[in-house]
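Encoded as structure tokens, the structure appears first; notes follow it.
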Number of protein chains: 2
Amino acid sequence: MFPAVLGWGQRFMPRHADPALPERRRAQILEAARRCFLERGFRETTVEEICAEARFSPGALYRYFDAKADIVAAIALEARAHAQAALHRLEDGADLIDALTELALIFFAAFEGERDGALLADIWGEAARDRALAQALAARDGVVAARVAAAIARAQRAGRAYPALSPQDAAEALMAMLDGMALRLALRREAGSAAAARRFRAFAVHVLKPKR
Amino acid sequence: MFPAVLGWGQRFMPRHADPALPERRRAQILEAARRCFLERGFRETTVEEICAEARFSPGALYRYFDAKADIVAAIALEARAHAQAALHRLEDGADLIDALTELALIFFAAFEGERDGALLADIWGEAARDRALAQALAARDGVVAARVAAAIARAQRAGRAYPALSPQDAAEALMAMLDGMALRLALRREAGSAAAARRFRAFAVHVLKPKR
DNA sequence: ACCTGAACACCGTTCAAGT
DNA sequence: ACCTGAACACCGTTCAAGT
């Protein structure tokens, strides 16, 4: 039976019986959606399937997300946040090249192979027509690029990076290369993140190391 | 009235009254679709709208394309073929950097701004889940990368490019950068292809020019 | 052969009704 | 408040019927 104490019509009912419930529900939906998307891709997955996986009804799902696209958007931001964690090593005094390579490896590995790679392209496809998502991704990218640029500038001052190079331009170029390489991995539908990270590293060394 | 001479039931009717008709129809549909996609984006455009724009019925359209996705695929391959034309300068004896910059400019310009940029991401999104399209794009990319690599190797032999660099790896890296920069342009929804091409050029010079 | 357009199937989203 | 599930709206695709 429904306990009247928590009933909807009750006078001094707390606004949220469980204040953490919305966040729990969102996480529950995102987890289910991620499993579905990896299995079948974003477009092939129906809202009904996500609901079944999350043991939810469609009506309840739309209480926590305004649209199916918002679910991929949330997953996209999660993935970026994950890679961003690797940035801490850039400030840790770790070698610049090592830290960049680790960032690349995490990013590539997150989208390696057929299914995860398709998710990366899905996200970009969504961002292309979802202004808010595009801006959110661009904002994250801006933060990453700025921190990479700062790390490059520090390395230059320490004589450990080629000095006649704009840190901002170099950072932008390297980030663009990361995106492009990840995309190529995705479209080839192969596992090759380790090899890609090695190629990225060799290139970063060539670009950044002081010439002599 | 329908002329009986060309009638369907006639005995020795030629296989194709007009052998060029299928190609004309495809071109007609692609043009209409491109206009619609630029206006509203791939997903927002309905097949019905493409048909209206092309003055066609849905049934007729499906005679020339198996699915809506096949229409974007055809447009994607057209765009790549267009950029590929710029490759001829690589074999023309033109300066390597100049030729690469021109390639970059054509590529960026093709996807500059909000609408065309979104189309680029659309294409990648489709490729992510359309094996045939992904392979077709990868094949084109392979051709381009191979020709760029050959041009780099020639420049190295002529002493006009830094020699201790794998031409293949450098070509791949530069192509990945092109994709990544184009994507960033697309997501920022800005016109900036000229500036992006300049940044690409500066970076290519830094990467390729002999150190001294 | 080539085309039309109504009908079908499917899926994202909403909303009245339950507890 | 939180959830259910039937109903709605829309759109990609098919197919029987026309010329």
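This one's a predicted model, so the numbers in the text were calculated from it and none came from an experiment. By convention in this document, chain letters (A, B, ...) are assigned in the order of the sequence lines, proteins followed by strands, and residues within each chain are numbered from 1. Reckoned from all heavy atoms, side chains included, excluding hydrogens, waters and symmetry mates.
- Looking at the side chain of B:P58, the nearest of the listed nucleotides C:dT4, D:dC3, D:dT14 is D:dT14.
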Verdict with reasoning, B:E78 to B:R34, per side-chain contact (heavy atoms from CB on, under 4.5 Å) = CA-CA 11 Å; B:E78 260 182 7; B:R34 176 185 287 280; 3.3 Å; yes
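- Relative ring orientation between B:F203 and A:F203 is described as tilted, the plane-to-plane angle lying within the 30° to 60° band.
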ask   = Where each pair must be Watson-Crick or G-U wobble with both distances under 3.5 Å, what dot-bracket representation of DNA chain D is obtained, with crossing pairs in [ ] and other-strand partners as |?
value = ||.|||||...|||||.||
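- Annotation: cation-pi pair B:K68/B:Y62 absent, no NZ/CZ under 6.0 Å from the ring centroid and within 45° of its normal.
- We find that CZ of A:F65 is positioned 15 Å from P of C:dG12, with the value rounded to whole Å.
- When the nucleotides D:dC3, D:dT13, C:dG12 are ranked by their closest atom to the side chain of A:F56, D:dC3 comes out on top.
- Following rounding to the nearest Å, B:I50 (CD1) and C:dT4 (P) show an atom-to-atom distance of 15 Å.
- Distance B:E44 CD to C:dG12 P: 15 Å, rounded to the nearest Å.
- Other residues, nucleotides and ligands contribute at most 12 non-hydrogen atoms within 6.0 Å of the CD atom of A:E48.
- Using a 4.0 Å heavy-atom distance criterion, B:R25 is classed as a sugar-phosphate-only contact.
- Within the 4.0 angstrom heavy-atom criterion, only backbone atoms of the sugar-phosphate kind lie near B:Y64; the bases stay farther away.
- Rounding to whole angstrom units, NZ of residue A:K68 and P of C:dC10 are separated by 15 Å.
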task = Report the C-alpha distance between A:M175 and B:R184 in whole Å, list the side-chain angles of each, state the deciding distance to 0.1 Å, and finish with yes or no for side-chain contact (heavy atoms from CB on, under 4.5 Å).
result = CA-CA 10 Å; A:M175 295 301 101; B:R184 279 151 178 266; 3.1 Å; yes
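- Aromatic ring orientation, B:F200 versus B:F108: perpendicular (interplanar angle above 60°, classes split at 30° and 60°).
- In this structure, CG of A:L21 is placed 10 Å from C1' of D:dA1, rounded to the nearest angstrom.
- Here D:dT13 presents its C1' atom at 10 Å from CG of B:L61, a figure rounded to the nearest Å.
- The heavy-atom pair separating A:T45 from A:C36 by the smallest distance is OG1-O, 3.3 Å.
- The side chain of B:S57 lies closest to C:dC3, out of C:dT14, D:dT4, C:dC3.
- Summarising the geometry, the separation between CG on B:D18 and P on C:dC3 is reported as 10 Å, rounded to the nearest angstrom.
- For C:dT13, one of the phosphate oxygens OP1 or OP2 lies less than 4.0 angstrom from a side-chain nitrogen or oxygen of A:Y62.
- What separates CD of A:E48 from P of C:dT14 is a distance of 16 Å, to the nearest Å.
- Checking C:dG5, D:dG12, D:dC3 against every side-chain atom of A:R63, the shortest atom distance belongs to D:dC3.
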